[in-house]
Each structure stands twice: as structure tokens, then as C-alpha cells.
Amino acid sequence: MKITLHATPDITPRPLIAEVILETGALLNIDRADVKPKGGEVVIDVPPHECERVVAAFEKRGATITALEQPVIKDDDECVNCGACISVCPTGVISFREDWSVQMDLDKCVQCGACVTMCPHGALTVLKS
């Protein structure tokens, strides 16, 4: 499961992710991070069976966490299956089916927005937490 850690200026200088890994023993993977001294966000892949404990550990340290349940929405009425989004996706979320229609594996999505920017028909939308 993917979660988004919203970093605020007061928690940015602390090693929160390392602390949570040490406390919970959960193996976490950072999928995307955009954090500056003023704050930002980190998308973290958490084993589903560890999610509740990991979220509690982050929240105990003052972090705000949201689940990244469906980060990209494809409007099938607008999509012309051109595939422009496929080449820019850094995690392989988007691919062609055998019939050349576009399919998405949202479990891989890190909410970077590259596909949204590339889509010439505005068929993709990123849901921000």
C-alpha cells in the first residue's frame, strides 16, 4: 500500500522514516520524494500488513499521513489510446493491452503527474491527497 507523508517545516529536519523503520521493523520503500526545508511530501510503499503500525508510528511523531488509494483517474471518454502517457511514466503504470487500448496498474503509481502533463486530450487527472 502506498501512503503520502506530508512533511512540515517542524518535522523536515528529523529522520522520521529511519525512526519508523527502526521502531516497526517494516521494510519501507520511498517511491517519490519532494521535500525542502519548508516542507513537502514523500510517497512511501508500505507492506499492507504493516500499514496500520507504520501510519501510527508516523502520526505519533507529528506527521500527517494519507493513503494513496487511486492517484490517477483516466477518463475513458477523453482517452484516444494514443500512448503518449506510456513513454513518460517512470514506474510503468501505463501500458497497452493486446488490443492497443491503454491500461493502468495503479499499484505502481507514485503520483508524479508526468502522464497528466503529457496527455494531449486531458484524459488523465492526478488526485492529490
Side-chain angles (χ1 to χ4, degrees):
M1 172 172 203
K2 294 189 189 303
I3 60 172
T4 303
L5 163 68
H6 303 277
T8 56
D10 57 316
I11 64 170
T12 306
R14 296 179 30 218
L16 289 182
I17 296 172
E19 289 175 3
V20 169
I21 290 170
L22 290 172
E23 177 186 323
T24 64
L27 297 176
L28 307 181
N29 188 40
I30 297 173
D31 286 342
R32 181 176 61 82
D34 182 18
V35 180
K36 296 172 179 54
K38 292 185 177 183
E41 62 183 29
V42 181
V43 175
I44 304 170
D45 196 9
V46 181
H49 64 282
E50 300 281 3
C51 198
E52 193 173 309
R53 288 184 336 122
V54 167
V55 169
F58 277 121
E59 289 174 343
K60 177 172 82 174
R61 289 168 172 78
T64 302
I65 301 290
T66 54
L68 191 61
E69 294 180 29
Q70 190 175 8
V72 177
I73 301 283
K74 181 177 85 151
D75 182 343
D76 289 324
D77 292 334
E78 285 297 321
C79 181
V80 296
N81 297 302
C82 68
C85 53
I86 294 172
S87 64
V88 297
C89 181
T91 58
V93 171
I94 309 165
S95 62
F96 283 121
R97 291 186 182 97
E98 283 189 26
D99 67 357
W100 294 101
S101 63
V102 171
Q103 67 181 353
M104 304 177 86
D105 181 356
L106 295 178
D107 289 339
K108 296 179 182 178
C109 187
V110 296
Q111 205 179 41
C112 68
C115 60
V116 174
T117 303
M118 185 57 75
C119 181
H121 283 266
L124 300 172
T125 307
V126 173
L127 295 180
K128 285 292 182 181
S129 337

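Residue indices begin at 1 and follow the sequence shown.
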Checking side chain to side chain contact (heavy atoms under 4.5 Å, CB included) between Lys2 and each of Asn29, Asp31, Leu106, Asp107, which is the one that passes? Asp31
Is it the case that the side chain of [X] and the backbone of [Y] share a donor-acceptor pair, with hydrogens and angles ignored and the cut-off at 3.5 Å?
X: Thr117; Y: Gly113; value: yes
X: Arg32; Y: Val42; value: no
X: Thr64; Y: His6; value: no

Gap separating the CD1 atom of Ile86 from the CE atom of Met104, nearest 0.5 angstrom: 10.0 Å
Residues 10-18 side chain polar contacts: donor-acceptor under 3.5 Å, at least two apart:
unit_1	atom_1	unit_2	atom_2	d
Asp10	OD1	Thr8	OG1	2.4
Thr12	OG1	Thr8	O	2.7
Arg14	NH1	Arg61	O	3.4

Where do [X] and [Y] come nearest, in terms of heavy atoms and distance?
X: Val35; Y: Glu41; answer: CG2-O, 3.9 Å
X: Leu68; Y: Cys109; answer: CD2-O, 4.1 Å
X: Leu124; Y: Val116; answer: O-CG1, 3.5 Å

Are Thr125 and Glu78 packed together at the side-chain level, in the sense that at least one heavy-atom pair is separated by less than 4.5 angstrom? no
Would you say Ile94 and Cys115 make side-chain contact, with heavy atoms under 4.5 Å? yes
Taking Met118 as the starting point, is it possible to reach Val102 by hopping between hydrophobic residues whose side chains are less than 4.5 Å apart? no
Do the side chains of Ile30 and Leu5 join up, straight or via other hydrophobic residues, at under 4.5 Å, putting them in one cluster? yes
Salt bridge (charged side-chain N to carboxylate O under 4.0 Å, His left out) partners of [X], counting only residues at least two apart:
X: Asp75; result: none
X: Asp99; result: none
X: Lys36; result: Asp34

Test question: given the 4.5 Å side-chain rule for I, L, V, M, F, W and Y, name all other residues clustered with Leu22, or answer none. none
Cluster membership besides Met1, Ile/Leu/Val/Met/Phe/Trp/Tyr side chains within less than 4.5 angstrom, sorted by chain and number, is none
Side chain to side chain donor-acceptor pair (under 3.5 Å) partners of [X], counting only residues at least two apart:
X: Asp76; value: Lys74
X: Gln103; value: Ser95
X: Lys60; value: Glu23

Which donor-acceptor pairs under 3.5 Å do side chains of residues 43-56 form with protein atoms, sequence neighbours excluded?
unit_1	atom_1	unit_2	atom_2	d
Glu50	OE1	Arg53	NE	3.1
Glu50	OE1	Arg53	NH2	2.8
Arg53	NH2	Thr24	O	2.5

Report the residues that fulfil side-chain contact (heavy atoms from CB on, under 4.5 Å) with Pro120, sequence neighbours left out, ordered by chain and then residue number. Cys82, Ala84
Can you list every pair that meets ring-ring contact (aromatic ring centres under 6.0 Å, His included) and has a residue in residues 88-118, with sequence neighbours left out? Phe96-Trp100
